[in-house]
Asker: 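The structure under discussion is supplied below as structure tokens; questions concerning it will follow.
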Amino acid sequence: MEATRLRLLPWPGPNGKPAYTPDDNPNGEIARKADKIEAVQTATAEAVLSLSLGMLDAGVPVEPDECVYVMRRLTECLTDILRISESRGGRLPAPKPLELEAKDESPEVTS
């Protein structure tokens, strides 16, 4: 019997610890909610990145309080995106042995 894989959720659990749900029902209520939250977190990260790039490209001095605010938002977004990345990476199928061998035998490309 194969063990049920767990999906890391895009929100923290109690005391800030990682929260998980069984990954055997990708169409379940919790999985759908997690998918929606990941989409919102990704869109938010894109918006915050765009705003911060705009501040950098404006060519005008930025107040220290504005820098601290933007750094906090960027840190929050990066934390969310890293959690999404970890969750999705954990759900990828393990590579098959033949795939590993093929990668090891491929020639190294240098520029």
Side-chain angles (χ1 to χ4, degrees):
M1 181 175 181
E2 189 176 321
T4 300
R5 290 176 24 168
L6 297 177
R7 174 184 179 168
L8 176 64
L9 295 172
W11 57 81
N15 301 319
K17 294 185 179 190
Y20 297 89
T21 189
D23 193 36
D24 56 352
N25 185 4
N27 294 317
E29 184 178 344
I30 293 174
R32 287 193 323 268
K33 182 174 183 167
D35 291 343
K36 288 177 185 176
I37 289 175
E38 285 180 358
V40 169
Q41 289 172 327
T42 300
T44 300
E46 291 169 344
V48 172
L49 177 61
S50 177
L51 291 171
S52 65
L53 288 172
M55 289 175 69
L56 291 171
D57 293 341
V60 296
V62 180
E63 295 295 319
D65 288 348
E66 292 174 310
C67 286
V68 169
Y69 178 81
V70 170
M71 287 175 58
R72 284 192 176 134
R73 301 300 76 82
L74 287 168
T75 301
E76 290 168 358
C77 290
L78 182 57
T79 300
D80 291 341
I81 293 300
L82 288 173
R83 184 180 289 125
I84 292 169
S85 176
E86 181 181 350
S87 175
R88 291 181 181 180
R91 289 181 276 145
L92 290 174
K96 296 176 183 155
L98 291 177
E99 291 174 343
L100 290 175
E101 289 176 17
K103 287 181 183 179
D104 291 341
E105 294 174 5
S106 61
E108 191 171 308
V109 178
T110 57
S111 33

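Starting from 1, each residue takes its place in the sequence as its number. Owing to the predicted nature of the structure, the values given are computational and were not obtained by experimental measurement.
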Asker: Listed by chain and number, what are the side chain to side chain contact (heavy atoms under 4.5 Å, CB included) partners of Tyr20, not counting sequence neighbours?
Answerer: Leu6, Leu8, Pro18

Asker: Arg83: what forms a side chain to side chain donor-acceptor pair (under 3.5 Å) with it, not counting sequence neighbours?
Answerer: none

Asker: Please name all residues satisfying side chain to side chain contact (heavy atoms under 4.5 Å, CB included) with Met55, sequence neighbours left out, ordered by chain then number.
Answerer: Val62, Glu66, Val70

Asker: Would one find more than 12 heavy atoms of other residues, nucleotides or ligands at under 6.0 Å from atom CZ of Arg72?
Answerer: no

Asker: List, by chain and then residue number, the residues other than Leu82 in its hydrophobic cluster (Ile/Leu/Val/Met/Phe/Trp/Tyr, side-chain heavy atoms under 4.5 Å); write none if there are no others.
Answerer: Leu78

Asker: For Thr21, enumerate each residue passing the side chain to side chain donor-acceptor pair (under 3.5 Å) test, keeping only those at least two apart in sequence or located in another chain.
Answerer: none

Asker: Just distance, no hydrogens or angles: give the donor-acceptor pairs under 3.5 Å from side chains in residues 30-53, sequence neighbours left out.
Answerer:
| from | atom 1 | to | atom 2 | distance (Å) |
| --- | --- | --- | --- | --- |
| Arg32 | NH1 | Asn27 | O | 2.5 |
| Asp35 | OD1 | Arg7 | NH1 | 3.1 |
| Asp35 | OD1 | Arg7 | NH2 | 2.7 |
| Glu38 | OE1 | Arg88 | NE | 3.2 |
| Glu38 | OE1 | Arg88 | NH2 | 3.0 |
| Glu38 | OE2 | Arg7 | NH2 | 3.3 |
| Gln41 | NE2 | Pro10 | O | 3.0 |
| Thr42 | OG1 | Glu38 | O | 2.9 |
| Thr44 | OG1 | Val40 | O | 2.8 |
| Ser52 | OG | Val48 | O | 3.3 |
| Ser52 | OG | Leu49 | O | 2.9 |

Asker: Under a 3.5 Å distance rule, please check whether Ser85 uses its side chain to pair with a backbone N or O of Ile81 as donor and acceptor.
Answerer: no

Asker: Considering only residues two or more places apart or on different chains, which pairs with a residue in residues 15-27 satisfy salt bridge (charged side-chain N to carboxylate O under 4.0 Å, His left out)?
Answerer: none

Asker: From Leu74 CG over to Tyr69 OH, what is the distance, rounded to the nearest 0.5 angstrom?
Answerer: 10.5 Å

